[in-house]
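Here the structure is laid out as structure tokens; the discussion comes afterwards.
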Amino acid sequence: YGWQSMMDLFGVDLVRAGLAAALGREIAPLAQDAGKTLEVRNINPKASGRIVAIEGVEALPALPGFGRIELFKKAGDRIRGPDEDADDPLGYLSFFGADYGEAMDRQLAALESIKIVIETDSGERVEQTAAWGHAKVSTDELLARAGARDIGKPDPAEERLPRSYY
């Protein structure tokens with residue numbers, strides 16, 4: 001969903017820009033600062049089974065900072081959860097904020113408002129919110145844990161793929 005996030009945040013269609021570049025056409029420069037922050041998170045199931053209900057999605061567009069919701073599944077569909085060691089999200093949700101903290105707070109509140117019911121293969125009814133598995137992340141704490149090492153620069157002590165792979 002990276003290309004959609006770029007469109008939402010900077011107003012740039014990466015597919016169109018890529019095609020233009022391939023055809024030798026000029027591309028407008030990307031703004032260095034969008035003036036807002038976008039938080040995007042997957043909606044993950046707590047268990048495998050059949051989705052009985054997904055509720056609360058209709059109210060999301062009215063919330064401050066709403067960006068986008070994309071559901072890949074609907075009631076009646078089968079979903080695979082962590083018990084099947086699967087990466088099978090129900091969808092994803094994005095919210096804007098003036099900064100990362102605001103965007104994350106809006107996102108987590110919105111995820112908490114979405115109710116999901118799954119019936120497992122054994123007939124157990126599992127109820128959860130879309131916030132299951134999500135927590136607030138402190139970027140300051142993550143940076144502090146990284147210590148003096150520059151984020152984004154390769155650590156010479158780590159084994160790396162050849163530069164062309166990333």
- Message: Are Leu60 and Ile51 connected into the same hydrophobic cluster when the rule is that any two of I, L, V, M, F, W, Y join if their side-chain heavy atoms are below 4.5 Å apart?
- Response: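 Per the 4.5 Å side-chain linkage, Ile51 and Leu60 are co-clustered.
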- Look at the side-chain heavy atoms of Ile, Leu, Val, Met, Phe, Trp and Tyr, link any pair under 4.5 Å apart, and say whether Leu111 and Val137 land in one connected group.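 Yes: a chain of side-chain contacts under 4.5 Å links Leu111 to Val137.
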- Query: Can a salt bridge be assigned to the pair Lys73 and Asp88 using a cut-off of 4.0 Å between side-chain N and carboxylate O?
  - Reply: yes
Can you check whether [X] reaches [Y] side chain to side chain, under 4.5 Å on heavy atoms?
X: Thr120; Y: Asp83; answer: no
X: Phe95; Y: Leu63; answer: yes
X: Val40; Y: Arg68; answer: no
X: Lys46; Y: Pro82; answer: no
X: Leu108; Y: Glu39; answer: no

- Item | Exam field: side chain Gln107 to backbone Leu93, donor-acceptor pair closer than 3.5 Å |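 Checked: pair present.
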- Message: Among Leu71, Asn42, Ile43, Ile69, exactly one meets side chain to side chain contact (heavy atoms under 4.5 Å, CB included) together with Tyr92. Which residue is that?
- Response: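 Exactly one option meets the side chain to side chain contact (heavy atoms under 4.5 Å, CB included) with Tyr92, and it is Asn42.
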- Task: Check the pair Asp105 / Lys136 against side chain to side chain contact (heavy atoms under 4.5 Å, CB included), numbers first and verdict last.
- Result: CA-CA 8 Å; Asp105 288 344; Lys136 188 165 185 167; 2.6 Å; yes
- Mark yes when over 12 heavy atoms from residues, nucleotides or ligands other than Arg50 sit less than 6.0 Å from its CZ; otherwise mark no.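 Enclosed.
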- Message: Atom CG of residue position Asp99 - does it have more than 12 heavy atoms of other residues, nucleotides or ligands inside 6.0 Å?
- Response: yes
At their closest point, which heavy atom of [X] faces which heavy atom of [Y], and how far apart are they?
X: Ile54; Y: Lys74; result: CD1-CA, 4.3 Å
X: Pro89; Y: Pro45; result: CA-CD, 4.4 Å
X: Gly97; Y: Ala103; result: N-CB, 3.6 Å
X: Asn44; Y: Trp132; result: O-CE3, 3.8 Å

What distance separates [X] [atom1] from [Y] [atom2], expressed to the nearest 0.5 Å?
X: Ile79; Y: Ile118; atom1: CD1; atom2: CD1; result: 6.5 Å
X: Phe66; Y: Arg106; atom1: CZ; atom2: CZ; result: 13.0 Å
X: Leu90; Y: Ile116; atom1: CG; atom2: CD1; result: 5.0 Å

